[in-house]
Protein chains: 2
Amino acid sequence: MTTEGRGLHTRVLDALGLAITAGEYPAGSVVRTDEVAQRFDVSRTVVREVVRVLESMHLVESRRRVGVTVRPAEEWNVYDPRVIRWRLAGADRPRQLRSLTVLRSAVEPVAAGLAARNATPEQCAALTEQALGMVATSRGRRLEEYLVHDIAFHRVVLNASGNEMFARLGDVVAEILTGRTRHQVMFDDPDPAAVTLHVGVAEAVREGDAARAEELTREIAVGALQELDVLAP
Amino acid sequence: MTTEGRGLHTRVLDALGLAITAGEYPAGSVVRTDEVAQRFDVSRTVVREVVRVLESMHLVESRRRVGVTVRPAEEWNVYDPRVIRWRLAGADRPRQLRSLTVLRSAVEPVAAGLAARNATPEQCAALTEQALGMVATSRGRRLEEYLVHDIAFHRVVLNASGNEMFARLGDVVAEILTGRTRHQVMFDDPDPAAVTLHVGVAEAVREGDAARAEELTREIAVGALQELDVLAP
DNA sequence: CGGCGGTAAAAAGTACGACGTTTACATCAC
DNA sequence: GTGATGTAAACGTCGTACTTTTTACCGCCG
């Protein structure tokens, strides 16, 4: 339960953030800084800094005379990597995973198309390397190794798009892929069709074929969504 | 220069955030908390809270014995609304506007398609209402009124998609549209073609025609990108 | 009996000073 | 020249005192 962070600040922040995103404090409920300080056995200073960060994530709102009130989930900064991690660790993991995958399905095809236009030779090489790595580890219960290549592949695509907003989604994609591998029981090896599609994307980007890169990535995304349909209500 | 915020915290945070995103402190440069406290005539307590928030945005990194170091721009949490606002107020506004518009062009069509499937009758009504409002204010130098309807329209679409990640981009779109109206010299009325497209999207969503809603929104996005091409290098 | 205003308390906001902890850097010994 | 060691600089944490804002309560007046 204790996240065992580097400092007191991190420890309290993680604990509180996790509790809030998990719904332990319903929207509108209040906590007092002194109370939190006592509960975690830290000074009010530490708690105040934590509250300020939580406030910057729009998870809570601090008002005088009333305390720190939890904001409704719709107002949370769901793009904050820490909020994403907390929510993926919580109860409504499937719902969160679906939201993120839909986002992926919108963004990644466009990013791949841009990558086909903008990728540097180094990025093309990296892409091919990761695709080959995926092929090599796609059989024989080597899911963990496969995952590393998969994450690296998508990260390169997003970076190669040349768009900073896309590039910053690399962490999100990494979280999604990691979550899928770790938490959803995957008895067999990854879908061979997906592996082939990745190789195709690498090819298309290398050849500068934006339309094909976009289309193939769209198929990957559709596959990911369908895969999610099988395992989530 | 002074942002005249509600509290000392907000004032210092805005000033520092603005300065950092504006590039006044190059990546790697360090500032000391005491120094900042002195410069803004506030206590170290306030500065520490500000630094913690800045740290949570990945704008800076605080390390012992060295100080608060500014992180390279690639690591910033560019999805944080405050970072977006700071950057839009800064020097590389055009570049930022382009990045965001590309993101829009990827997300909004998919969101519109989902909206066509998921929109409630109330949302459909709101959509039609805003579209009509756009038509009504599309002539006669009523850009400010038009903007209000434009923002509301896109916000409804993103909310109606039923995806929280999309919904949270409403603020981003609002910033973009506002920036476009306010900062780019728009001598004449908005493009009539765009107005027609918005009406079409409202219709498509109402009729549950996901493919058409997506396609029309894609055309809106393409138009926005082209418009940006005319005004940015 | 009900509305209005003033006062008091509660909680966060701010400030300050002290000490702990880490770590870059310089110095010294080998 | 290289490694160990010491030192000081900066953040990290703490406790306390004071300020400010906001709410709630109580008493007064109509």
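Just so it is clear, the model here is predicted, and its values are computed rather than measured. Keep in mind that the numbers below use all heavy atoms, side chains included, and drop hydrogens, waters and symmetry copies. Reminder, nothing fancy here: chain letters follow the sequence lines and each chain counts from 1.
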Round to a whole Å and report the spacing from [atom1] of [X] to [atom2] of [N].
| X | N | atom1 | atom2 | answer |
| --- | --- | --- | --- | --- |
| R32(A) | dG13(C) | CZ | P | 14 Å |
| F40(B) | dT14(C) | CZ | C1' | 17 Å |
| E49(A) | dA12(C) | CD | C1' | 15 Å |
| H9(A) | dT21(C) | NE2 | P | 19 Å |
| E61(A) | dA12(C) | CD | P | 13 Å |
| Q38(A) | dG15(D) | CD | C1' | 15 Å |
| R44(B) | dT13(D) | CZ | P | 11 Å |
| E55(A) | dA12(C) | CD | P | 12 Å |

dist E55(B):CD -> R48(B):CZ (nearest 0.5 Å) comes out at 9.0 Å
Within 6.0 angstrom of E75(B) CD, more than 12 heavy atoms from elsewhere: yes
Are more than 12 heavy atoms, taken from residues, nucleotides or ligands other than E35(B), located less than 6.0 Å from that residue's CD atom? yes
Give a yes or no on whether a salt bridge exists between E144(A) and R182(A), defined as a side-chain N under 4.0 angstrom from a carboxylate O. yes
Phosphate oxygens OP1/OP2 of [N]: is one of them under 4.0 Å from a side-chain N or O of [X]?
| X | N | result |
| --- | --- | --- |
| T33(A) | dA12(C) | yes |
| R63(B) | dA24(C) | yes |
| T45(B) | dC16(C) | no |

Most 5' of S43(A) and V66(B) on DNA chain D, judged by nearest nucleotide: V66(B)
Starting from the 5' end of DNA chain D, give me the residue, R65(A) or V42(A), whose nearest nucleotide shows up first. V42(A)
Any side-chain heavy atom of V172(A) sitting closer than 4.5 Å to one from L100(A)? yes
Any donor-acceptor N/O pair under 3.5 Å between dT14(C) base and R48(B) side chain: no
Check if the side chain of R52(B) and the base of dG12(D) share a donor-acceptor pair of N or O atoms closer than 3.5 Å. no
Need one value for V30(A): base, sugar-phosphate or nothing, where a base atom within 4.0 Å counts as base even if backbone is also close, heavy atoms only. nothing
By the 4.0 Å heavy-atom rule, please label V12(A) as base, sugar-phosphate, or nothing. nothing
R64(A) side-chain proximity, nearest of dA12(C), dT22(C), dT13(D): dA12(C)
